[in-house]
Number of protein chains: 2
Amino acid sequence: MKQQDRATQTKESILKAAEHLFAVQGYEATSVSMICDAAGVSKGAFYHHFETKQSIFLELMQRWLKGLDEQLVLIDESTEDVKEGLLSMGEIIGQVLDVGGPQLPIFLEFWSRAIRDPEVWDATVEPFQRYRDFFAALIQRGIDEGSLRDLAPHNTARVLIALAVGMLVQGLLDTGGEDWQDITQEALELLLHGIAAR
Amino acid sequence: MKQQDRATQTKESILKAAEHLFAVQGYEATSVSMICDAAGVSKGAFYHHFETKQSIFLELMQRWLKGLDEQLVLIDESTEDVKEGLLSMGEIIGQVLDVGGPQLPIFLEFWSRAIRDPEVWDATVEPFQRYRDFFAALIQRGIDEGSLRDLAPHNTARVLIALAVGMLVQGLLDTGGEDWQDITQEALELLLHGIAAR
DNA sequence: ACAATCATACCGACCGGTCGGTATGATATA
DNA sequence: TATATCATACCGACCGGTCGGTATGATTGT
């Protein structure tokens with residue numbers, strides 16, 4: 001096999017092992033050695049491909065958010081009706097809880113880190129502000145076309161994000177088998193009642 | 001001075017130092033030795049009063065939640081109108097962000113722990129389910145007296161909690177000087193528009 | 001004397017990260 | 001094509017340091 005192929009394969013197996021261990025045990029509780037063992041790779045290999053332990057998380061986060069970004073763009077393009085676009089956020093949350101469920105706990109860990117570490121903040125929080133701006137723009141569109149009340153778009157977007165984040169956190173911590181996608185959908189409809197033009 | 005008085009004083013100074021350090025640096029980043037240094041106390045004293053490092057956090061959490069409980073009871077008693085009672089949640093969030101602001105980041109840290117550690121879960125998450133039940137009861141009251149639409153009270157309560165949690169998280173992570181109490185108040189009014197009987 | 005309260009010294013595990021060295025594929029030269 | 005040279009990928013022992021926790025003795029009020 002070519003040298004480069006082998007290299008990327010190694011790096012990929014490290015990333016995969018790290019992703020799994022982070023999800024199951026959390027970030028702090030996972031040591032670099034454990035990642036190496038799980039990946040069947042030496043510590044030297046690890047530090048050949050990654051500068052620090054934190055850098056591997058940041059790379060994982062980047063990939064993860066990229067997927068979210070694409071979903072948002074998809075919604076943006078396929079959305080004619082503004083209200084419908086806002087409602088579709090419920091689907092996203094359901095998908096996020098389904099697909100990325102096991103890895104979501106790391107977010108809590110890194111949100112708390114983001115408060116003190118600017119590098120972590122850039123990688124984990126800043127993207128969410130982009131999402132907020134996205135929704136704010138969508139809301140502005142709704143106001144312009146007269147389907148939404150004339151509310152401050154940014155604040156309203158904050159409310160939407162708050163709803164999403166709060167639902168995610170509850171979904172993580174509540175052990176019961178609630179269907180959070182349904183609940184979120186319901187909540188969005190309630191909110192829309194308040195936001196929609198009369 | 002009496003021996004017991006001195007003992008409680010020591011314990012209190014340990015708690016105070018821990019609370020401060022946890023707030024500033026986070027839980028994991030704060031070592032037992034640091035707490036002892038800050039409290040002007042030896043490690044022996046620490047482990048005389050607390051079984052483990054985690055136990056000191058649990059005690060702090062208990063006290064903290066007790067304060068929240070009292071506020072809720074206060075609202076419950078002084079509330080004649082259901083809608084008004086729900087709106088007052090906005091004030092609570094504002095107060096929480098004001099008073100307990102510096103210590104809130106620890107919540108993120110322990111929510112992520114709560115997912116794996118049942119003891120932490122009991123101390124940090126279970127209380128919030130009581131709050132949810134509280135709001136569910138309030139909503140039920142509103143439905144009974146006809147001021148609210150006939151929606152599933154538990155799910156609606158979840159939405160309220162989600163809003164609160166989401167606002168708190170954003171308040172922690174957004175560096176800008178937004179007035180989250182105002183925004184929350186606005187959000188609650190929007191939601192009430194959707195919930196209120198027509 | 002005796003128990004509660006605290007100080008000191010210390011333990012063993014583990015952590016993120018480094019470093020000297022090697023194995024192996026890529027590349028240039030003849 | 002054969003060989004010398006070099007760069008990349010990887011190994012695994014090891015380091016300084018920190019951590020939560022313990023064992024034991026001194027002090028002090030009762």
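Each chain gets a letter, A, B and so on, in the order the sequences are listed, and its residues count up from 1. Keep in mind that what you see is a predicted model, and the values were worked out from it rather than measured.
- With a 6.0 Å cutoff to the six-membered ring centre and a 45° limit on the axis angle, Lys53(B) does not count as a cation-pi contact of Tyr47(B).
- The cationic group of Lys11(B) does not satisfy the cation-pi geometry with Phe46(B), failing either the under 6.0 Å distance to the six-membered ring centre or the 45° limit from the ring axis.
- Remark: Thr30(A), Ser31(A), Val32(A) in residues 10-35 of chain A come within less than 4.0 Å of DNA chain C through at least one heavy atom.
- With 3.5 Å as the limit, one finds a donor-acceptor pair spanning the side chains of Gln140(A) and Asp144(A).
- With a 6.0 Å cutoff to the six-membered ring centre and a 45° limit on the axis angle, Arg132(B) does not count as a cation-pi contact of Phe135(B).
- Counting to the nearest Å, the P atom of dG17(C) and the NZ atom of Lys53(A) are 8 Å from each other.
- In this structure, the CZ atom of Arg6(B) is 16 Å from the C1' atom of dT30(D), given to the nearest Å.
- Put simply, CD on Gln54(A) is 12 Å from C1' on dG16(C), counting in whole angstrom units.
- Residues Glu109(A) and Ser112(B) bring no donor and acceptor atom of their side chains to less than 3.5 Å of each other.
- Within 6.0 Å of CD on Glu84(A) lie no more than 12 heavy atoms contributed by other residues, nucleotides or ligands.
- Applying a 4.0 Å cut-off to non-hydrogen atoms, the residues of residues 36-49 of chain A that approach DNA chain C are Lys43(A), Tyr47(A), listed by residue number.
- Ring geometry for Trp111(A) versus Phe128(A): interplanar angle over 60°, hence perpendicular rather than tilted (30 to 60°).
- Relative ring orientation between Phe57(B) and Phe110(B) is described as parallel, the plane-to-plane angle staying below 30° on a 0-90° scale split at 30° and 60°.
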